[in-house]
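Counting convention: from 1, in listed order, for ligands and their atoms alike. We number each residue from 1, following the sequence as shown. Values in this document were obtained by computation on a predicted structure and should not be read as measured data. Just the heavy atoms: all of them, side chains too, but no hydrogens, waters or symmetry mates, feed the values below.
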Amino acid sequence: MEILDSLYQEVEEIVEKYEQEKTPLLAILEEVQEKFRYLPRNVLGYIAKRLDIPSSTVYGVATFYSFLETKPVGEYVIRVCKSTPCHVRGGLNVLEVLKRELNLREGETTKDGKFTLEVTSCLGVCGVAPAMMINEVTYGNLTEERVREILALYRR
Ligand code: FES
């Protein structure tokens, strides 16, 4: 109960920080996710109540954006771009390498809670396709070898 109280307290502080803004929802969701790594359903309900908007709206926004997570994720979330420019330049191969290296399928998290593997649409860096993101860091010009090198950095 105490843990739950402190969770809501932290969410409340974030809500208070943005609630006067014209469209506070996305900023709140982003900051809550930064804090908890994902957006638990009960927290989404709390935010809806506080902003006085339907919880279906909050949930709809939380599930619309690929950078928002509604399920628990690993310490490092890998997002592989699957849009056409990346796809034609080997995006799919990047995904296959990651699946093999991490022994994961799309949407899964390693047992040690370290990596979650996801696919996403354009990351906005098509000039360096194929690309992926690991948390906030974008990596481009990916080859099989480079993917392995990058993974090694995060495995340490
Ligand atoms: S298509 Fe992959 S970054 Fe744009």
Non-hydrogen side-chain atoms of Leu98 and Phe115 separated by less than 4.5 Å: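 No. Closest side-chain heavy atoms not under 4.5 Å.
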
Shortest non-hydrogen contact from Cys122 toward Ser83: N-OG, 2.8 Å

Over 12 non-hydrogen atoms of neighbours within 6.0 angstrom of CZ in Arg155: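 Yes, because the 6.0 Å sphere around CZ of Arg155 holds more than 12 heavy atoms from other groups.
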
Salt bridge (charged side-chain N to carboxylate O under 4.0 Å, His left out) partners of residues 50-78, not counting sequence neighbours, each pair once: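 Counting only pairs at least two positions apart or across chains, the salt bridge (charged side-chain N to carboxylate O under 4.0 Å, His left out) contacts touching residues 50-78 are Glu12-Arg50, Glu19-Arg50, Glu69-Arg79.
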
Polar protein atoms near atom 4 (Fe) of ligand 1 [N, O or S; cut-off under 2.8 Å]: Cys122 SG, Cys126 SG

Summary of side chain to side chain donor-acceptor pair (under 3.5 Å) pairs that have at least one residue in residues 102-112, sequence neighbours excluded: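 Residue pairs with at least one partner in residues 102-112: Arg105-Glu108, Thr109-Thr116, Thr110-Asp112.
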
Members sharing Val128's hydrophobic cluster (side chains within less than 4.5 Å):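 Answer for Val128: Leu123, Val125, Met133.
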
